[in-house]
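Let me begin by presenting the structure, written as structure tokens, before commenting on it.
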Amino acid sequence: MIVEVIVDVAAYPIDRPFDYVVPGHLEDLVERGSRVHVPFGNRKVQGFITNIKRETEVDRSKLKEVQSIIDVEPVITEELLKLSKWMTKKTLCYEIDALQVMLPAALRASYKKNIKILDPTQLEKEILELFGRKEVLPYEAFEKSGMLKMMKKHLIEGSLELENVIKQQARVKTVTKYTLVDDKDFVVGQLNKLTKQAVKQKELIEWLLAQEKTSFTMQELIQAANVSNATVNTLINKKILVKEQEEVYREITSLDYQDRDNHVQLTVEQETALSHITKAQNNEENTTFLLHGITGSGKTEIYLHAIEKSIAEGKQAIMLVPEISLTPQMTRRFKLRFGDQVAVMHSGLSTGEKFDEWRKIWRGEVMVVVGARSAVFAPFKNLGVIILDEEHESSYKQEDTPRYHARDVAIWRSEFHKCPVILGSATPSLESYARASKGVYTLLSLSMRAKEQALPTVNIVDMRAELKSGNRSMFSLPLADAIREKLEMKEQIVLFLNKRGFSSFVLCRDCGTVVECDQCDISLTYHREGERLKCHYCGHEEPVPQECPECQSEHIRFFGTGTQKVEEEITKLFPYARVLRMDVDTTRTKGSHERILKKFGDGEADILLGTQMIAKGLDFPNITLVGVLNADTTLHIADFRAAEKTFQLMTQVSGRAGRHDKEGVVYIQTYTPEHYAIEYSKDQLYEPFYHNEMIMRKQYEYPPFYFVTLVQVTHENVLLAAEYAKLATDWLRDNLSSTSMVIGPTASAISKIQNRYRYQCLIKYKKEPLLIEKLQQLIKIYRTEWIKKGVVLTVDLDPSTIL
Ligand code: ADP
Ligand code: ZN
Ligand code: ZN
């Protein structure tokens with residue numbers, strides 16, 4: 001028997017499976033989608049079996065043997081094997097990268113397998129002998145004794161069980177349980193044999209016999225039965241109690257789901273939108289819906305209904321949300337509706353917790369996954385709907401290889417499963433809305449808020465005028481007045497700081513020098529704690545300098561607006577206000593995000609001050625005022641999506657106010673009030689914004705009118721970086737069709753990261769049938785030649801930013 005294996009050697013220039021011979025004792029274990037260890041060169045590497053066959057073109061005497069099998073059952077389904085092939089081509093990655101990204105991190109590490117007896121009556125004598133007095137054996141014991149085939153048979157029928165023990169981080173969590181043996185006559189016999197002195201043993205046995213359940217923790221026995229550790233151990237020695245490890249899932253949230261979720265009566269608009277989705281589900285049509293609904297219009301309610309229908313038909317559902325909106329509030333809503341049928345996956349979980357959630361999906365124990373980007377690979381076998389909330393969010397695009405977009409993967413899977421995809425947003429990406437306008441996606445609209453609350457009143461404040469009238473504070477007069485008023489009324493306020501990593505920097509007032517990272521072309525960010533400067537790209541840290549590194553002036557100080565600075569100013573202006581701050585500094589520890597929100601929700605603070613993190617998902621009835629301190633920061637980035645991102649952000653933030661009974665009001669402070677991205681966000685006027693932005697995109701030849709591919713070249717030496725970028729650009733210009741525009745090479749907007757200089761070239765095209773093939777050729781040149789010179793070349797076929 002021969003298997004094709006995709007090996008984990010990503011630097012190898014050839015990306016294809018290699019053939020290996022399966023030794024006889026492993027023949028019954030190999031399956032497509034399982035991982036194996038194989039020799040490669042003089043190393044032992046991991047790989048995935050992607051095919052099993054009888055014949056091979058390769059000279060048999062040259063073939064090497066599979067060394068061992070890592071997974072007794074496949075970890076990649078047949079569907080995901082197909083998907084990985086597609087991703088490899090679509091994102092120009094190695095197949096091994098596509099396969100790895102589908103697995104939880106815990107499975108990327110090595111793990112140990114144990115085999116445990118569940119039902120000894122079904123086992124052959126040889127197996128029982130192998131176990132001897134033990135209940136658990138390492139997998140290798142079966143391998144050595146040549147009993148793998150028998151073992152697998154029992155795993156499938158359920159008399160043996162496989163336990164994965166992850167080395168280091170992610171062990172399967174177990175609790176020790178003490179179980180009363182089934183044979184009651186034996187127990188009573190032992191009870192009668194006890195001597196008079198054995199009072200405690202007698203008490204414990206009698207207590208055990210009187211209980212309804214038969215399995216207990218040590219703590220339960222000691223407390224409830226009022227006996228000691230020693231007594232329990234005596235009963236174990238007498239084989240009255242059996243000590244066992246019971247596998248448990250880590251409890252990932254401490255919320256209680258006691259409160260009932262009340263089903264709402266859908267509005268007419270919601271009903272209409274849902275009916276289209278339901279129809280697609282009934283007819284098993286893989287329609288992609290774009291659900292465009294203003295903030296608070298009840299999109300989530302529609303998702304819940306579509307998932308409910310899916311479950312009712314025995315099908316599973318994937319619910320994707322951007323990482324930052326995976327708030328406890330959001331997951332809670334799903335847990336309330338679907339209880340134990342939900343797995344939740346986000347970056348806040350430990351490796352072990354993620355592994356537990358993944359196993360629930362893999363074993364078919366849950367029907368829904370709510371998660372960030374990578375949850376799109378959930379190994380469900382029968383999907384009924386896939387949903388992406390806030391579909392415009394750039395976090396759906398992976399910025400590292402494999403550079404996939406969750407939206408594309410979702411649509412691919414929907415074709416495979418014949419189920420609909422719902423892309424939901426108040427501010428759809430231009431690409432999606434353009435596709436919906438052309439009928440590629442089906443547009444569903446919600447134009448009113450579900451509870452018929454008015455949209456908040458949005459006021460745009462011109463900060464230039466404030467400055468002219470002598471107000472140098474970061475709070476305009478109208479916003480300061482509004483804050484004062486709301487504080488008096490005991491209503492809650494959200495203040496939003498539109499922050500890019502480098503918005504608080506240290507500047508010399510004499511010569512204008514901004515302190516930058518030595519290794520990256522980016523100014524260092526000032527952190528109040530410990531008076532330190534940090535680089536958000538490479539992690540470099542240093543103390544704030546006492547004098548200017550250029551002119552030695554002492555007039556060097558912190559500038560710009562960090563959240564800490566704003567907090568100080570709030571304290572000065574409104575000394576009685578209770579402020580909660582939410583940013584990277586205050587949310588570093590696990591669960592801190594939830595704690596801050598809970599505090600705010602419980603009314604323990606008047607003002608919640610934060611960055612991008614608070615723009616989404618917040619839904620508190622008492623928030624009636626939202627203030628955006630600086631709308632412009634995202635507007636002036638050298639990126640063709642700058643206006644789109646600003647519009648989306650302003651709309652999202654405004655949507656936090658007045659979501660319930662009380663009316664909301666919003667103040668947006670800006671130095672460019674006349675910009676259409678700001679003007680249209682005032683009344684959430686998506687369509688006018690869309691048309692205006694489309695004109696700009698057409699004029700400057702950007703998506704969705706043109707496709708854009710970004711080729712980036714980096715090197716430690718600036719000259720070599722420029723040289724190879726030119727080689728790549730020239731090669732593309734020579735090899736692509738003349739209708740494609742190859743622009744560059746240019747230095748990237750961030751010209752250096754981690755001591756590597758960055759150059760880039762942009763390919764803009766409407767139709768380029770040669771693109772994939774030519775890029776593959778370029779990558780091959782790079783992998784066989786340039787890589788040896790220390791060059792790194794990356795290709796992104798759908799960059800979410802071009803910085
Ligand atoms: P979106 O996801 O579009 O922002 P949500 O689904 O979160 O909107 O709905 C906003 C609020 O309106 C929520 O508090 C939700 O419970 C409520 N809601 C949604 N649909 C209805 C409805 N049909 N009737 C009453 N309240 C609703
Ligand atoms: Zn200076
Ligand atoms: Zn740096």
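Every number for a ligand or one of its atoms is a count from 1 in the order of the listing.
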Using a 4.0 Å cut-off to any heavy atom of Gln265, which atoms of ligand 1 qualify? 22 (C), 23 (N), 24 (N)
Which heavy atom of the protein is the closest neighbour of atom 1 (P) of ligand 1, given with residue, atom name and distance? Lys299 N, 3.6 Å
Taking the six-membered ring where the residue is Trp, are the ring centres of Phe377 and Tyr404 under 6.0 Å apart? yes
Per-residue contact class, Val264 against ligand 1 - non-hydrogen pairs under 4.0 Å: side chain
Will you find, in the side chains of Gln652 and Glu390, an N or O donor that is under 3.5 Å from an N or O acceptor? yes
Phe640 vs Tyr702 aromatic rings, parallel, tilted or perpendicular, using cut-offs 30° and 60°? parallel
If you measure every N or O of Gly298 against every N or O of ligand 1, does any of those distances drop under 3.5 Å? yes
With the threshold set at under 4.0 angstrom, would you say Gly296 reaches ligand 1 through any of its heavy atoms? yes
Who's the nearest protein heavy-atom neighbour of atom 18 (N) of ligand 1, and how far? Ala450 CB, 3.6 Å
Answer yes or no: is there an ion pair linking Lys360 with Glu357, defined by an N-O contact shorter than 4.0 Å? yes
Contact check: Arg333 vs ligand 1, nitrogen or oxygen atoms, below 3.5 angstrom: yes
Is the distance between the ring centroids of Tyr686 and His292 under 6.0 Å? yes
